[in-house]
Amino acid sequence: MRSFHRPAGSSSGFTLIEMIVVTLLLAIAMLGLLAVFDASARINKNETDVADAQGAVRYGIYQMTRVIRMAGSGGLYVTQAVLNRADSGLPGVLPASASYDNVVGVTVAGTDGNTYTVRPGTDMIEVRGVILSPLVGFDQQTGCNGCTGTQSVTVLPITGDPLIGQHVNNDATNRPQFAAIDAYTAGTGATDSRFVIVEDGNTDLHVGCSDALPGGATRYPQPVYNVGVITAGTNLAGAGTFNAVDFGGTLGPRFNTELPSGASQSAIPIAKVRRAGVLDDILFFVTTDPTGLDPTGLHPFLAQGTRRGNRFEVTRLADDVEDMQVAYGIDTNADNALTVLPPVVPAPNVDPNVSTLAGGDEWVPNVAAEAAPIDTDFQVQSPFVAGHTGVPVARHCPRLHGVMISLVAKAKDPDPTFQGRAADGYQIMNSTAASVTPGRFRRRVQTLKINLRNYAFQG
């Protein structure tokens, strides 16, 4: 048998150099795989942040739309229903009479004891009406005796005449309106007062605005109304009453005057109450956390402040909202629409009702160099009166027909690799707000035009 012998000095397997080369190749492959996984995870996180930002602006727009559409519900003048500057006679916003356009140095007093500083360069808007609780109707036997001074305001569950028609204010099973109002006012107290508005059923102040128009449309009437203060919760479900309402004092008369920039208007005697409800005074603004949880200011948020006496109950609506801008649709040419003004310039306009040129449409201030409106712009002032006295005044028709809101939301965390045009921020309308720094962020913008339903036409 032949035998084989391995030559001396020979061995099996890889050499050291081969092992080093293989290890290096494996390391390169692993680093490549890790880079792919890291990029995938980063993209997933960025997309999640962008989706959160998109959801933030949608939710913020939704909440604001819900409130703005109800502006003036209960009978308020349009000048009292939508404010673009602080009411100098009401506490809670400083400085007094501060403009809500591209604010600087404006603060809001919260019921939690904190002071909220509005983000510089952003806009604010204040909306009033019976918004967060139901309106109730009255007949000739209920209400209040003139609705001046301090009186108890009572209301029946069912009003009207069975022969000519009735209105159901409350049905404990199917329409628990009274319980809803009682629940809403449950926290009312001396330092947490609420407001009640009562509307006159006999008077239309702006008869010239309520005349029939071609096609059978008419404007909603503008009644006399009084606003009073309650310092205890309502008891409608138990006794059918709003309890004692103070129509005097200093707070209620601020809502009665036609112009918030003017003097207070004392309550006018009302013979017959048509409707009543709990009046809401709601403020929208962009701010940062006042408790020190966000010392860098990288996470501003959209806030809603609901007036409670001299302060606002502030709630967080949407996180990482960087800017809010507001434009007001004022019908300056009396064509009952908000349009582009002649000469009409085509491109770069995309919206047929909005122009990118200063003074090119009936929205202000949606373009740089446009001045913010004042309260007298929101309705015709011919002739001008400091306050209504119950006598119908012609040609004080509402000219404010809509509100346009634009929000900018950013991703929670920066994305250093993002090179898109929005990485360094968006400039919307006439904003002077600086983008959040440091870092490059993905951002989303949403803009919506909202019609004011209580100052439109009835078909």
- Roughly how far apart are Asn454 CG and Met70 CE, rounded to 0.5 Å? 6.0 Å
- Item | Check: Leu236 main-chain N/O paired with Asp182 side-chain donor or acceptor under 3.5 Å | yes
- Message: If I take atom CD1 from residue Ile428 and atom CG from residue Leu407, how far apart are they, to the nearest 0.5 angstrom?
- Response: 7.0 Å
- Task: Answer whether the closest heavy-atom distance between the side chains of Asn174 and Val168 falls below 4.5 Å.
- Result: no
- Rounded to the nearest 0.5 angstrom, the OG1-CG distance for Thr111 and Asn114 is 9.5 Å
- Message: For the backbone of Pro373 and the side chain of Asn84, can you confirm whether one donor and one acceptor N or O come within less than 3.5 Å of each other?
- Response: yes
- Looking at Thr150 and Ala244, what are the two nearest heavy atoms and their distance? CG2-CB, 4.1 Å
- Item | Heavy-atom closest contact (Pro365 atom, Ala372 atom, distance) | CG-CA, 4.1 Å
- Message: Between Gln427 and Ser431 (side chain of the first, backbone of the second, donor and acceptor by atom type, cut-off under 3.5 Å), is there such a pair?
- Response: yes
- Any donor and acceptor pair, going by atom type alone, linking the side chain of Glu126 with main-chain N or O of Arg85 inside 3.5 Å? no
- Message: Donor-acceptor pair, distance only, cut-off 3.5 Å: does the side chain of Asn256 make one with the backbone of Gln265?
- Response: yes
- Closest approach of Trp363 to Met404 (non-hydrogen atoms, all atoms of both residues): CZ3-N, 3.5 Å
- Query: What closest approach, in Å, do Pro260 and Asp87 show between heavy atoms, and which atom pair accounts for it?
  - Reply: O-OD1, 3.6 Å
- Message: Under 4.0 Å between a side-chain nitrogen and a carboxylate oxygen: does that hold for Arg399 and Asp331?
- Response: no
- Query: Would you say Asn226 and Val198 make side-chain contact, with heavy atoms under 4.5 Å?
  - Reply: yes
- Message: Between Glu362 and Thr332, is the side chain to side chain donor-acceptor pair (under 3.5 Å) condition met? List the steps.
- Response: CA-CA 7 Å; Glu362 294 181 299; Thr332 56; 3.1 Å; yes
- Got a donor-acceptor contact below 3.5 angstrom from the Asp361 side chain to the Leu338 backbone? no
- Count the heavy atoms belonging to other residues, nucleotides or ligands that lie under 6.0 Å from CG of Asp294, then report whether that count exceeds 12. yes
- Answer yes when Asp192 and Arg194 have at least one side-chain N-carboxylate O distance shorter than 4.0 Å, and no when they do not. yes
- Donor-acceptor contact present, side-chain Gln151 to main-chain Asp246, <3.5 Å: no
- Note on the structure: In this structure, CZ of Arg175 is separated from CG of Asn170 (nearest 0.5 Å) by 8.5 Å
- Message: Salt bridge check, Asp320 against Lys412: does any charged N sit closer than 4.0 Å to a carboxylate O?
- Response: no
- Query: Is there a side chain to side chain contact (heavy atoms under 4.5 Å, CB included) between Val118 and Val108 once you walk through the steps?
  - Reply: CA-CA 7 Å; Val118 182; Val108 177; 4.2 Å; yes
- Straight-line distance of Thr234 OG1 to Phe242 CZ, nearest 0.5 Å: 6.5 Å
- Query: Step by step, would you call Thr107 with Thr115 a side chain to side chain donor-acceptor pair (under 3.5 Å)?
  - Reply: CA-CA 6 Å; Thr107 61; Thr115 298; 6.0 Å; no
- Message: Any heavy-atom pair between the side chains of Val364 and Asp377 that's under 4.5 Å?
- Response: no
- Message: Are Val445 and Val57 packed together at the side-chain level, in the sense that at least one heavy-atom pair is separated by less than 4.5 angstrom?
- Response: no
- Are the side chain of Asn366 and the backbone N or O of Ala327 linked by a donor-acceptor pair below 3.5 Å? no
- Can you tell me if Thr287 uses its side chain to pair, donor with acceptor, with the backbone of Thr117 under 3.5 Å? yes
- Query: Which is it for Asp289 and Thr291 under the side chain to side chain donor-acceptor pair (under 3.5 Å) test, yes or no, and what are the steps along the way?
  - Reply: CA-CA 6 Å; Asp289 197 310; Thr291 63; 2.4 Å; yes
- Does the side chain to side chain contact (heavy atoms under 4.5 Å, CB included) test come out yes or no for Val403 and Val326, once each step is laid out? CA-CA 7 Å; Val403 175; Val326 182; 3.7 Å; yes
- Nearest heavy-atom pair of Gly360 and Val340: which atoms, and what distance? O-CG1, 3.3 Å
- Query: With a 4.5 Å heavy-atom cut-off, do Arg119 and Glu322 have their side chains touching?
  - Reply: yes
- Message: Taking side chain to side chain contact (heavy atoms under 4.5 Å, CB included) as the criterion, tell me which of Ile131, Val82, Ile450, Asn451 meets it with Ile68.
- Response: Ile450
- With Phe255, which of Phe195, Tyr77, Phe247, Tyr225 fulfils ring pair (Phe, Tyr, Trp, His ring centres under 6.0 Å)? Phe195
- Note on the structure: Distance col, row Asp375:CG vs Leu83:CG, nearest 0.5 angstrom, shows 7.5 Å
- Does NZ or CZ of Arg443 lie under 6.0 Å from the centre of the six-membered ring of Tyr426, at an angle within 45° of the ring axis? no
- Message: Could you tell me if the side chain of Met64 sits less than 4.5 Å from the side chain of Ile125, heavy atoms only?
- Response: yes
- Item | Any side-chain heavy-atom pair of Asp424 and Ser435 under 4.5 Å | no
- Item | Arg311 vs Thr191, side chain to side chain contact (heavy atoms under 4.5 Å, CB included): CA-CA, chis, key distance, verdict | CA-CA 9 Å; Arg311 300 170 299 168; Thr191 59; 4.3 Å; yes
- Message: Is there a side chain to side chain contact (heavy atoms under 4.5 Å, CB included) between Val273 and Val153? Walk through the geometry before answering.
- Response: CA-CA 10 Å; Val273 177; Val153 179; 6.0 Å; no
- Item | Contact summary for Asn102 and Gly121, nearest pair of heavy atoms | OD1-O, 3.0 Å
- Message: When you compare the side chains of Asp323 and Thr122, does any donor N or O come within less than 3.5 Å of an acceptor on the partner?
- Response: no
- Message: Taking the side chain as everything from C-beta on, heavy atoms only, tell me whether Ser193 gets closer than 4.5 Å to Ile230.
- Response: no
